[in-house]
Amino acid sequence: MIRKGSYFLGLTILVQLVLTGFKSVENEKVEGFHLQGNENYFYNVALEEENETDFVVPFVGKTFVGFREAIAFRESRGRLSLVNSFGYMGKYQFGKSTLRSVGIYDFNTFLHNAEWQDKAFTALIAKNKWILRKEIAKYRGRVINGVEITESGILAAAHLGGAGSVRKYLRSNGRSGFKDGFGTSLRSYIKKFGGYDVSHIQADKNAKVKLD
């Protein structure tokens, strides 16, 4: 009797496990995310930022392309149409005001156009390179908060927090820090994206995307 009872108990548990495996999964809702005005875009919303750990980036080399794709991987895993919970969009996670500053106003097309996104990234690098030209010349090669300052590190940090935040960070010798909405710091970007060759990008105060 004991053996027969154990058999039926085990069979019951097995059936429950199988049924559990087919349980439907409900979609998670993101609270607090909304569109402005009458915008009617399809958004893939990132629920949270990854922890500050080292990622295996599927690109090698210290060229500008390597720099560009490493940032894209860190920002969005390279997903063109992703928009996070703060409204930053595309593979490089641009804000709308930044896109307007480089000449892009059609956000819906932008989210599905890899060429526009790459051009926007290059234009922003050129613009920030002009804004931070004095800081690049003055602080490159120095060590702040245990991290060597490089041109690419400065430009990556400007992509994260804006040129003004980077200027304050450098001029305060790292005492005036910045973290984005997910807690990512300027220091982490200066370190992670240091040492790339971005020398061929010319500083340009009025850099714009040339749309075909």
Side-chain angles (χ1 to χ4, degrees), residues 44 46-86 88-95 98-99 102 104 110-133 135-136 139-163 165-166 169-170 174 177-204 207 209:
N44 293 316
L47 299 179
E48 60 182 348
E49 185 74 352
E50 300 288 348
N51 293 328
E52 281 299 308
T53 56
D54 291 331
F55 300 112
V56 179
V57 182
F59 302 93
V60 296
K62 289 291 185 176
T63 63
F64 176 73
V65 173
F67 173 71
R68 184 187 71 193
E69 298 303 329
I71 287 183
F73 187 75
R74 175 62 181 82
E75 292 285 341
S76 70
R77 294 299 190 271
R79 289 172 286 180
L80 288 179
S81 60
L82 183 141
V83 176
N84 74 11
S85 53
F86 294 99
Y88 290 92
M89 61 184 69
K91 63 189 288 189
Y92 305 107
Q93 294 292 276
F94 285 103
T98 299
L99 288 176
V102 295
I104 291 180
F110 174 81
L111 280 172
H112 301 89
N113 192 307
E115 184 178 3
W116 281 23
Q117 295 195 23
D118 289 345
K119 286 182 176 180
F121 180 81
T122 301
L124 182 60
I125 292 298
K127 188 181 290 288
N128 282 335
K129 199 168 186 178
W130 186 87
I131 296 172
L132 294 168
R133 62 195 185 283
E135 284 72 27
I136 291 172
Y139 293 98
R140 182 168 46 192
R142 295 191 186 185
V143 175
I144 296 178
N145 286 336
V147 177
E148 181 180 354
I149 305 301
T150 66
E151 182 178 44
S152 64
I154 288 175
L155 295 174
H159 183 84
L160 173 72
S165 295
V166 175
Y169 178 84
L170 295 173
F178 166 89
K179 291 184 178 181
D180 71 2
F182 296 113
T184 307
S185 67
L186 294 180
R187 179 186 179 277
S188 70
Y189 262 49
I190 292 173
K191 179 180 180 181
K192 189 173 187 65
F193 300 107
Y196 285 88
D197 182 7
V198 295
S199 60
H200 78 284
I201 302 298
Q202 298 298 313
D204 184 354
V209 174

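Ala123 and Ala207 make their closest contact through O-CB, 3.4 Å (heavy atoms, listed as atom of the first residue, atom of the second, distance). Residues Tyr196 and Ala70 approach most closely at OH-CB, 3.7 Å, considering heavy atoms. Here the closest heavy-atom approach between residue Ala157 and residue Ile190 is recorded as CB-CG1, 3.7 Å. Across Ala158 and Leu132, no two heavy atoms sit closer than the pair CB-CD1, 3.8 Å. Asn128 and Ala163 make their closest contact through OD1-CB, 3.8 Å (heavy atoms, listed as atom of the first residue, atom of the second, distance). When all heavy atoms are compared, the tightest approach of Arg140 to Ile136 is CB-O, 3.0 Å.
The main-chain N or O of Thr184 is never found under 3.5 Å from a side-chain atom of Ser188 such that the two would form a donor-acceptor pair. Between the Ser152 side chain and the Gly195 main chain, a donor and an acceptor come within less than 3.5 Å of each other. Here the side chain of Gln93 pairs a donor or acceptor atom with the backbone of Leu82 at under 3.5 angstrom. Remark: the backbone N or O of Val65 is not paired with any side-chain donor or acceptor of Arg68 at under 3.5 angstrom. Between the side chain of Lys62 and the main chain of Gly194, a donor-acceptor pair closer than 3.5 Å is present.
Distance CE/Met89 to OG1/Thr98: 10.5 Å, rounded to 0.5 Å. For the atom pair Ile149 CD1 and Ile144 CD1, the distance stands at 4.5 Å (nearest 0.5 Å). Summarising the geometry, atom CZ belonging to Arg74 is positioned 8.5 Å from atom CG belonging to Leu160; distances are rounded to the nearest 0.5 Å. Separating the CG atom in Leu155 from the CD1 atom in Ile131 is a distance of 10.5 Å, to the nearest 0.5 Å. Residue Leu170 holds its CG atom at 6.5 Å from CD of Glu135, rounded to the nearest 0.5 Å. The line from CZ of Arg133 to CH2 of Trp130 is 4.5 Å long, rounded to the nearest 0.5 Å.
Residues forming a ring pair (Phe, Tyr, Trp, His ring centres under 6.0 Å) with Tyr139 (at least two apart in sequence, or on another chain): none. Residues that satisfy the ring pair (Phe, Tyr, Trp, His ring centres under 6.0 Å) test with Tyr92, not counting sequence neighbours, are Phe121. Taking the salt bridge (charged side-chain N to carboxylate O under 4.0 Å, His left out) definition, one finds that Lys129 meets it with Glu151, sequence neighbours left out. Take Asp197 and apply the side-chain contact (heavy atoms from CB on, under 4.5 Å) test, not counting sequence neighbours, and it matches Ser199. Partners of Ala120 under the side-chain contact (heavy atoms from CB on, under 4.5 Å) rule, at least two apart in sequence or in another chain, are Phe94, Leu99, Val102, Ile104, Phe110, Val209. With sequence neighbours excluded, no residue forms a side chain to side chain donor-acceptor pair (under 3.5 Å) with Gln202. Annotation: side-chain contact (heavy atoms from CB on, under 4.5 Å) contacts of Leu80 (sequence neighbours excluded): Lys91, Ala114, Gln117. Shown here are the side chain to side chain donor-acceptor pair (under 3.5 Å) partners of Lys191, two or more places apart in sequence or in another chain: there are none. Scanning for side chain to side chain donor-acceptor pair (under 3.5 Å) contacts around Asp204 gives an empty result, with sequence neighbours left out.
The shortest distance between side-chain heavy atoms of Val83 and Tyr88 does not fall below 4.5 Å. Counting heavy atoms from C-beta outward, Asn145 and Tyr169 have side chains that approach closer than 4.5 Å.
For His200 and Phe64, the ring centers sit closer than 6.0 Å to each other.
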